[in-house]
Amino acid sequence: MDNAPFRPGRGLAVKVSAATLPIVVAAILATQLAVGWINYAARLDALAARAELVATLTAQAIARPLWNLDQAIYQAQVRAVGSDPAFVMARIMDESGQITFQYGEEPALDLPVITARQPIADPSGPDPSHLGRIGEFQLVLSKAELADSARQQIVIGIVAILCLLLATFATIHGTTRRLILRPLGQLLAAMARVERKDWTTLAWSSGDEIGHVAAAFNRMVEGLRSGDEAKRLLKELETTQAKLIDNNVALEKASRLVLDSIGYARKIQDGLLPDASTLGDAVAEFHVSWEPLHQVGGDYYWLHRFGRKALVLLADCTGHGVPGAFMTVVVATALDRILMENGALLPSAILEKLDKAVRERLRQDRPEGSSDDGLDAAVCLWDGETHTLTFAGANMPLMTCTGGEVRTIKGDRRSLGYRSTGRVKAFVDQVFPIAPQTCVYLFTDGMTDHVGGSPPRLFGRRRLTEVIAASQALPLPDQVERIQAALSDHRGGQNRRDDMTIVAFRPY
């Protein structure tokens with residue numbers, strides 16, 4: 001036997017890291033590229049749709065002024081298009097292709113652009129369905145902002161990958177040294193003493209492969225001490241040790257891949273959630289608590305601001321963990337497209353469009369589709385000018401608290417998506433005034449479906465209402481902290497059962 005002292009980390013930890021990191025890098029790169037490409041394609045489609053819509057509306061608006069040669073009118077309308085942040089150039093061509101009016105400069109050859117062309121109809125025709133053509137309106141928008149955003153995402157992705165790789169290497173290296181190399185060092189030191197007829201056994205034990213090796217080693221020592229079956233026990237130890245090393249390398253590799261993939265998925269899902277500062281001064285106070293059951297979950301919230309109006313949406317998707325997280329990606333992309341294409345909408349209209357988008361993306365509207373997933377959601381729109389709140393819910397309520405009095409506004413008994421539910425009646429907007437210092441709460445059923453006590457019972461909305469009423473005078477973060485403490489006390493030793501999200505804001 002080699003009597004040189006054993007040094008943990010001489011090569012095994014580095015080899016494990018070297019075998020694991022390429023796979024981790026490939027998985028992270030594939031995920032980052034897929035997310036980036038989907039995001040870029042969606043924004044490019046939205047820009048093209050916006051260009052076509054603006055060109056169509058402008059062509060219709062300038063038809064009569066152009067026909068009447070009212071230059072001041074149609075030129076002002078064309079210049080108004082220049083307020084678009086992506087605007088490059090707009091011009092009017094007559095029926096012979098000559099430029100009648102141009103606003104903006106010709107784009108440079110290296111500038112990526114989208115060009116929308118719409119005919120300008122003759123408004124004097126006797127039959128509106130057969131109008132003649134008096135010219136064409138052309139609108140050019142720049143794609144440079146999209147390209148800059150894509151480059152920024154690439155830089156962020158590279159930085160995130162480097163950070164993850166450093167963390168992965170440190171974790172693998174440290175874990176291998178602590179769980180494998182250190183016990184192996186003690187084992188080899190004991191084997192060296194046994195070789196010198198110092199019958200030393202290992203004092204520690206565990207239920208894993210390392211523990212089995214220790215037990216086998218101790219049996220070997222006892223066999224050598226009594227002179228019985230020494231060779232068989234030594235062979236058993238060597239075989240078990242070899243299997244241990246192989247199994248631990250494979251186990252460490254598989255475990256790290258799973259954990260790193262889920263950890264990176266958490267970063268991606270965090271990136272899909274809006275920043276709490278999105279609403280700005282549209283509301284007096286805002287706080288959200290988002291706690292998935294696992295690292296990722298099926299709860300999702302969305303914030304948007306339209307001047308003095310604040311839009312808040314909360315969704316509870318089918319399941320939790322990785323399946324629920326995939327559903328939140330579907331909801332997030334659908335919401336982004338809905339608001340980008342339609343601008344300010346009433347809550348009921350948002351729910352209707354989101355229901356349609358989910359059914360289409362999960363192919364629930366096709367015979368060959370197999371998905372029966374969906375979500376519950378609630379949308380409220382605060383108008384800071386009229387001091388009114390408009391609410392629509394899909395199997396999700398809204399609570400308000402004024403002066404310690406809690407009011408529950410129920411949503412419609414209808415979910416979004418779900419092939420089995422089919423089409424039902426439309427969502428209804430509920431509009432009501434909001435008094436000063438009123439707090440508004442949206443929450444998923446993970447907040448109320450905690451089981452605890454003896455006999456076991458749900459926490460329920462009644463207890464949640466009592467906690468909200470008793471803590472209304474506190475700042476919103478302290479209110480949410482008190483609610484979470486009450487849930488924990490009620491649950492006792494019971495485990496959580498679902499993702500848990502509550503959104504609270506004080507309009508003014």
Side-chain angles (χ1 to χ4, degrees), residues 1-28 163-266 293-295 321-322 493-495:
M1 177 183 292
D2 181 10
N3 292 322
F6 176 76
R7 298 176 182 175
R10 181 181 290 180
L12 183 58
V14 175
K15 291 179 180 179
V16 171
S17 301
T20 305
L21 289 179
I23 300 177
V24 175
V25 171
I28 294 174
C163 293
L164 286 172
L165 290 179
L166 290 176
T168 300
F169 179 83
T171 303
I172 293 176
H173 192 274
T175 302
T176 304
R177 287 174 60 88
R178 179 170 55 87
L179 298 181
I180 300 176
L181 299 182
R182 187 179 299 167
L184 286 179
Q186 297 176 9
L187 176 62
L188 292 175
M191 292 174 65
R193 289 193 293 271
V194 169
E195 187 179 33
R196 297 191 298 270
K197 307 301 181 181
D198 180 4
W199 307 114
T200 302
T201 58
L202 298 174
W204 47 265
S205 63
S206 60
D208 55 13
E209 291 87 350
I210 292 282
H212 294 319
V213 170
F217 175 80
N218 289 337
R219 291 196 300 270
M220 182 201 71
V221 171
E222 293 298 326
L224 289 174
R225 184 179 296 172
S226 62
D228 184 24
E229 298 183 353
K231 292 183 179 181
R232 185 181 65 83
L233 291 174
L234 182 59
K235 183 64 176 179
E236 179 183 338
L237 174 64
E238 293 173 349
T239 302
T240 305
Q241 184 176 359
K243 290 182 179 179
L244 167 68
I245 295 174
D246 292 339
N247 291 342
N248 270 280
V249 170
L251 179 62
E252 181 70 20
K253 181 178 178 180
S255 176
R256 184 52 52 191
L257 281 174
V258 172
L259 292 178
D260 285 348
S261 297
I262 294 177
Y264 190 71
R266 171 61 181 257
L293 181 62
H294 306 297
Q295 289 197 60
V322 174
Q494 297 287 339
N495 294 325

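These numbers come from the heavy atoms of this one structure, side chains and all, not from hydrogens, waters or symmetry mates. Quick caveat, the model's predicted, so the values are computed rather than measured.
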Distance check, rounded to the nearest 0.5 Å: Thr175 atom OG1 versus Arg177 atom CZ? 11.5 Å
Asn218 side chain to Thr201 backbone, donor-acceptor under 3.5 Å: no
Qualifying residues under side chain to side chain contact (heavy atoms under 4.5 Å, CB included), relative to Ile28, sequence neighbours excluded: Val24, Ile161, Leu164, Tyr264
Got a sec, which residues hit side chain to side chain donor-acceptor pair (under 3.5 Å) with Asp198, two or more places apart in sequence or on another chain? Thr200
The criterion is side chain to side chain contact (heavy atoms under 4.5 Å, CB included); which residues satisfy it with Gln295, sequence neighbours excluded? Ile262, Arg266
Roughly how far apart are Leu188 CG and Arg193 CZ, rounded to 0.5 Å? 11.0 Å
